[in-house]
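Have a look at the structure below, then the notes.
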Amino acid sequence: MTSTNTNHDLESSSATAGAQAAPVVDAPAADPRRWIAFIIMTVATFMDMLDGSIVNVALPAIQHGMGASFVQLQWITAGYVFAFALTLITGGRLGDIYGRRKMFQLGVLGFIVTSFLCGIATNPEMLVASRLAQGLAAGLMVPQVMSIIHVTFPDKEKGAVFAIQGTIGGLAATIAPLVGGVLVAANIFDWGWRTIFLVNVPIGIIGYVLGWKYINESKAPSRIRLDLIGVVIATFSLTALLFPLTFGREMDWPAWGFVLMAASVVGFVGFVAYERAKQRKDGMPLVPLSLFKSRSFSAALALMLGMFSFTGMFMLALYLYLQEGLGFSPLRTGVTLLAFCIGAFITASASVIALVPKFGRAVLQVGAVVIAVGVAVMLLTVSPGITSWGLVPGLLLIGLGFGMTATPIALFALQEVPHKDAGAASGLINTKQQLGFAVGISIVTLAFFAPLASNGAANAESLAPQVRQELVAAGVADAKATELAGAFQSCAATTFAGKPEAAACAAVQNDPQAKAIAGKYSHQAAGQSFTDAFRTTLYVGFGFAALALLLASFLPRWLKQEEWGAPAEEASEEGSEETAKA
């Protein structure tokens, strides 16, 4: 019979008080099967991270095969992230209440079923619905992983665990274009793009079966009831914020979107007020606000929001720059992005296992500086003619800095969290990550798409005379050449703005001579315009690096656990100072 991780001694008030006073709160005994359980959970996390972005590579195939509209394609991609973020806080708390293994397994089962439904979708509407359901299943599955790690592994091993988890997550997100490109190109069993979803089914089934055997059950030591009113308020507030951030650009930022975002602020204020009242009434809020009394937890969440906002912005802009601006194939894009992945892999493990225990929060601050250096290198090297090798130095440096800064955040965030609140804390941490991605994607509108539109219009205007000149040289009459050059300018400018003018583009495409000449100059305009837009995004990246440096300074100087090797005297002195201030 599977043993549980619940320590009944902790249910006594004296034991609970003693545990809360200890540097490591209610630490569990080490589970001898914990590493096998961790591998199972890591595979599930890898599937989730992969599915969050792998679909981008298959969008052209999906559009061609199913006749999906651009709005439906947006829902297929962003709908998953939206549903995922919406469920995380509630999913984490459900693990505390009903059992983390049970909720993890339920999430895995849901992920298997919804992946299968995505793979056999017969129309765009079915695929959109299945992707939304897949995001909900992931929101139930993923927060349990960090919770189970927190209550299963002793503190001296958590560094290695979080290093591996962070590296696997970064690997999945980074190689998603490469994996997607390979799967779509391989066309296994003539399934085409469906393979990217169906591959989850056998992997998920294996993980589901092994999960019951190797993952120990754990839950909050005292009985907790689900805060349904808190769930409703939190869901409304997150929806009001994330929906406009996720889909606003595709809808031309309607006024009601800003009204919703303003309403989300009111909703979050009301949520905090209600949770405080709920805490006083029965001590069972959806989100224990006492978590935010911890300097480590609050500062780490703020830093996490900033880091993942940068990642969401940078990766989307880079992906568009490489494929649309430089003309890289999905496969070549994935190979190029491996430089970032390798950099993150090198420092993710080293930072939490060796560097943070010895140097504390300074590691995260140095990481922010390394990111800034990598951004500067990219600013100096990007051009319309840059090769994959030319991008490697900047991407490698940014990856190195990201691994040093982002991976250790969870250690600082969770070090003072009681095990009874592990699910709620994990849900908040994962929600901050997804919220960061959503914020980063929305920032792309100003940092990338806005300069792309203006620079694209200017470049199209400057190239139009050359198009006319070549048309005349090819024997086209002056009046006709002027007309076609004007059509080229209008088509290119509106395309860069995201709304190609159909009549102008058709006029160019329907004339064989104009089509050939315009194609050459369109490629030139795209290279320059996307390069200029990406440079603007990189300048914004400097701001995020500076913000990360500032926020990291609010973290405790050292992790408090002696097992991490924090200098005992300095850590003790800092703890004494904080106690005196309190």
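Contact detail for Ala37 and Ile215: the closest heavy-atom pair is CB-CG1, 3.8 Å. Across all their heavy atoms, Glu324 and Ala526 have their closest contact at O-CB, 4.0 Å. Closest approach of Ala44 to Val108, counting heavy atoms only: CB-CG2, 4.4 Å. Considering all non-hydrogen atoms of both residues, Leu260 and Pro244 come closest at CB-CG, 3.9 Å.
Taking OG1 from Thr195 and CZ from Phe189, the interatomic distance works out to 9.0 Å, rounded to the nearest 0.5 Å. Separation of atoms NZ (Lys432) and CD1 (Ile89) is listed at 9.0 Å; rounding is to 0.5 Å. Taken to the nearest 0.5 Å, the CG atom of Leu303 stands 4.0 Å off from the CD1 atom of Ile409. To the nearest 0.5 angstrom, Leu94 atom CG is 11.5 Å from Lys102 atom NZ. The CZ atom of Arg34 lies 12.0 Å from the CZ atom of Phe38; values are rounded to the nearest 0.5 Å. One finds the CZ atom of Phe197 at 10.0 Å from the OG1 atom of Thr114 (value rounded to the nearest 0.5 Å).
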Please walk me through it: do Asn200 and Ile112 pass side chain to side chain contact (heavy atoms under 4.5 Å, CB included)? CA-CA 7 Å; Asn200 293 329; Ile112 294 169; over 6 Å; no
Side chain to side chain contact (heavy atoms under 4.5 Å, CB included) evaluation trace for Arg33 with Asn216: CA-CA 9 Å; Arg33 300 179 299 177; Asn216 280 351; 3.0 Å; yes
For Ser218 and Arg101, what are the C-alpha separation, side-chain angles and deciding distance, and is it a side chain to side chain donor-acceptor pair (under 3.5 Å)? CA-CA 7 Å; Ser218 65; Arg101 182 186 67 172; over 6 Å; no
Apply side chain to side chain contact (heavy atoms under 4.5 Å, CB included) to residues Met313 and Thr537 and explain how you reach the verdict. CA-CA 8 Å; Met313 175 197 71; Thr537 306; 3.8 Å; yes
Between Phe84 and Leu136, does the side chain to side chain contact (heavy atoms under 4.5 Å, CB included) criterion hold? Intermediate values first, please. CA-CA 5 Å; Phe84 181 33; Leu136 294 175; over 6 Å; no
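A heavy-atom distance below 4.5 Å is found between the side chains of Leu286 and Leu226. A heavy-atom distance below 4.5 Å is found between the side chains of Thr235 and Thr239. The shortest distance between side-chain heavy atoms of Leu395 and Leu318 falls below 4.5 Å. Residues Val335 and Ser388 form no side-chain contact, since every pair of their non-hydrogen atoms from C-beta on lies 4.5 Å or further apart. Between Arg100 and Met103 the shortest side-chain heavy-atom distance does not fall below 4.5 Å.
No more than 12 heavy atoms of other residues, nucleotides or ligands lie within 6.0 Å of CZ in Phe116, so this atom counts as exposed by the packing criterion.
Listed for the Thr405 side chain is a donor-acceptor partner under 3.5 Å among the backbone atoms of Ala368. Proximity of a side-chain donor or acceptor of Arg194 to a complementary backbone N or O of Ala121 within less than 3.5 Å is detected.
The aromatic rings of Phe544 and Phe310 sit tilted relative to each other, their planes meeting at an angle between 30° and 60°. Using bins of under 30°, 30° to 60° and over 60° for the plane-to-plane angle, the ring pair Phe402/Phe340 lands in the tilted bin.
Taking the six-membered ring for Trp, Phe448 and Phe534 have ring centres at least 6.0 Å apart. Between Trp75 and Phe243, the distance separating the two ring centers is shorter than 6.0 angstrom.
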